[in-house]
Amino acid sequence: MKLFLEVVTLAVLDVDRALTFYTKQVGFHLDVDYAPDDDFRVVQLTPPGSGVSIQFGVGLTEAEPGSTRGTYLVVTDIEVARDALVARGVRASGIRHKSRLPDWRGGFEAGIDPERRDYASFFDFTDPDGNQWRVQERGHEAKAGGL
């Protein structure tokens, strides 16, 4: 059996504010903005190059706004990605990397992983409601000129 993750639902307080944040600041593509009445609205967006989308709106979830934690975005160049988000007004943490231990159970150190190992460098940001995102570098050596 194959299972495909297609959509992650986020809880937000202000749908229009979240829509502006994710399209203008983070750079997600708007797929759907559907509101047949005042009690239901679904906004679906997809990160560039992703097969998985996010959705938020009215009448979609009973979760507390800002309660999503640890959703990952993967990039081939963590510095370029962070610089681009910061330039668009996203408040991002500094880049950190996993301490060098054979099994990566250690803590973190500031900056990019010196060897640019896959899955070793990170930064975080949150949306206006507090939903947390983690950006992780993978495929730096294989990248073809950009994100």
Side-chain angles (χ1 to χ4, degrees), residues 1-98 103-113 116-140 142-147:
M1 174 173 66
K2 291 184 181 180
L3 299 171
F4 298 91
L5 179 62
E6 299 243 347
V7 179
V8 174
T9 302
L10 304 178
V12 301
L13 284 172
D14 184 324
V15 176
D16 291 318
R17 178 181 68 180
L19 176 59
T20 298
F21 175 79
Y22 283 106
T23 57
K24 303 293 184 201
Q25 291 183 264
V26 183
F28 287 13
H29 177 268
L30 175 63
D31 302 320
V32 173
D33 186 350
Y34 175 68
D37 58 49
D38 291 342
D39 295 324
F40 184 81
R41 180 178 178 190
V42 60
V43 175
Q44 183 169 311
L45 305 110
T46 303
S50 181
V52 179
S53 301
I54 64 166
Q55 69 177 6
F56 49 80
V58 176
L60 296 180
T61 181
E62 293 180 12
E64 288 294 318
S67 61
T68 301
R69 298 281 181 269
T71 306
Y72 280 72
L73 295 169
V74 176
V75 297
T76 59
D77 192 316
I78 198 123
E79 285 179 301
V80 169
R82 185 181 181 285
D83 289 349
L85 290 175
V86 169
R88 294 184 203 136
V90 175
R91 294 181 61 197
S93 72
I95 296 172
R96 66 191 180 285
H97 67 277
K98 293 179 180 179
D103 60 4
W104 280 353
R105 289 188 196 181
F108 291 92
E109 297 177 28
I112 297 170
D113 180 72
R116 301 302 280 263
R117 296 171 294 161
D118 285 348
Y119 311 108
S121 298
F122 308 85
F123 72 86
D124 301 306
F125 70 91
T126 58
D127 72 10
D129 291 294
N131 293 301
Q132 180 198 53
W133 290 85
R134 178 152 296 147
V135 181
Q136 180 178 53
E137 185 175 80
R138 182 186 73 210
H140 180 74
K143 76 176 187 167
L147 296 174

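No experiment lies behind these values; they were computed from the predicted model shown.
A distance-only check finds a donor-acceptor pair linking the side chain of Ser121 to the backbone of Asp113 [under 3.5 Å]. In this structure a side-chain-to-backbone donor-acceptor pair under 3.5 Å is missing from Asp129 to Asn131.
Under the 4.5 Å side-chain criterion, counting only non-hydrogen atoms from C-beta, Val26 is in contact with Phe125. Residues Phe21 and Val90 meet the side-chain proximity criterion, which asks for heavy atoms closer than 4.5 Å. Annotation: side chain of Val15 is in contact with side chain of Val58 (closest heavy-atom distance under 4.5 Å). Contact check for Phe108 versus His97: no side-chain heavy atoms found under the 4.5 Å cut-off. At a threshold of 4.5 Å between non-hydrogen side-chain atoms, the residues His140 and Asp77 count as touching. At least one side-chain heavy atom of Glu79 sits less than 4.5 Å from a side-chain heavy atom of Ile95. Proximity of Ile54 to Trp133: side-chain heavy atoms (C-beta onward) are separated by under 4.5 Å at one or more points. Using a 4.5 Å heavy-atom cutoff, the side chains of Arg17 and Val12 are not in contact.
Rounded to the nearest 0.5 Å, atoms CD (Gln55) and CG (Leu60) are 5.0 Å apart. Distance check: Glu137 CD to Arg117 CZ gives 11.0 Å after rounding to the nearest 0.5 Å. Separating the CZ atom in Arg91 from the CG atom in Leu85 is a distance of 14.0 Å, to the nearest 0.5 Å. Rounded to the nearest 0.5 Å, atoms CG (Leu73) and CD (Gln136) are 10.5 Å apart.
For the pair Arg96 and Asp124, the salt-bridge criterion is met [side-chain N within less than 4.0 Å of a carboxylate O].
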When you look at Thr68 and Phe56, which way does the side-chain contact (heavy atoms from CB on, under 4.5 Å) test go after all the steps?
CA-CA 12 Å; Thr68 301; Phe56 49 80; over 6 Å; no

Determine, stepwise, if the pair Ile112 / Ile78 fulfils side-chain contact (heavy atoms from CB on, under 4.5 Å).
CA-CA 8 Å; Ile112 297 170; Ile78 198 123; 3.9 Å; yes

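Between Phe122 and Ala120, the shortest heavy-atom distance links the atoms CE1-O, 3.4 Å. Minimum interatomic distance between Phe123 and Ala81 (heavy atoms only, all atoms of both residues): CZ-C, 4.2 Å.
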Can you give each donor-acceptor pair under 3.5 Å made by side-chain atoms of residues 38-49, sequence neighbours left out, with the distance rounded to 0.1 Å?
from: Arg41; atom 1: NE; to: Asp33; atom 2: OD1; distance (Å): 2.9
from: Arg41; atom 1: NH1; to: Asp16; atom 2: OD1; distance (Å): 3.0
from: Arg41; atom 1: NH2; to: Asp16; atom 2: OD1; distance (Å): 3.0
from: Arg41; atom 1: NH2; to: Asp33; atom 2: OD1; distance (Å): 3.4
from: Arg41; atom 1: NH2; to: Asp33; atom 2: OD2; distance (Å): 2.9
from: Thr46; atom 1: OG1; to: Asp31; atom 2: OD2; distance (Å): 2.4
from: Thr46; atom 1: OG1; to: Ser53; atom 2: OG; distance (Å): 2.5

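Residues Thr126 and Gln132 bring no donor and acceptor atom of their side chains to less than 3.5 Å of each other.
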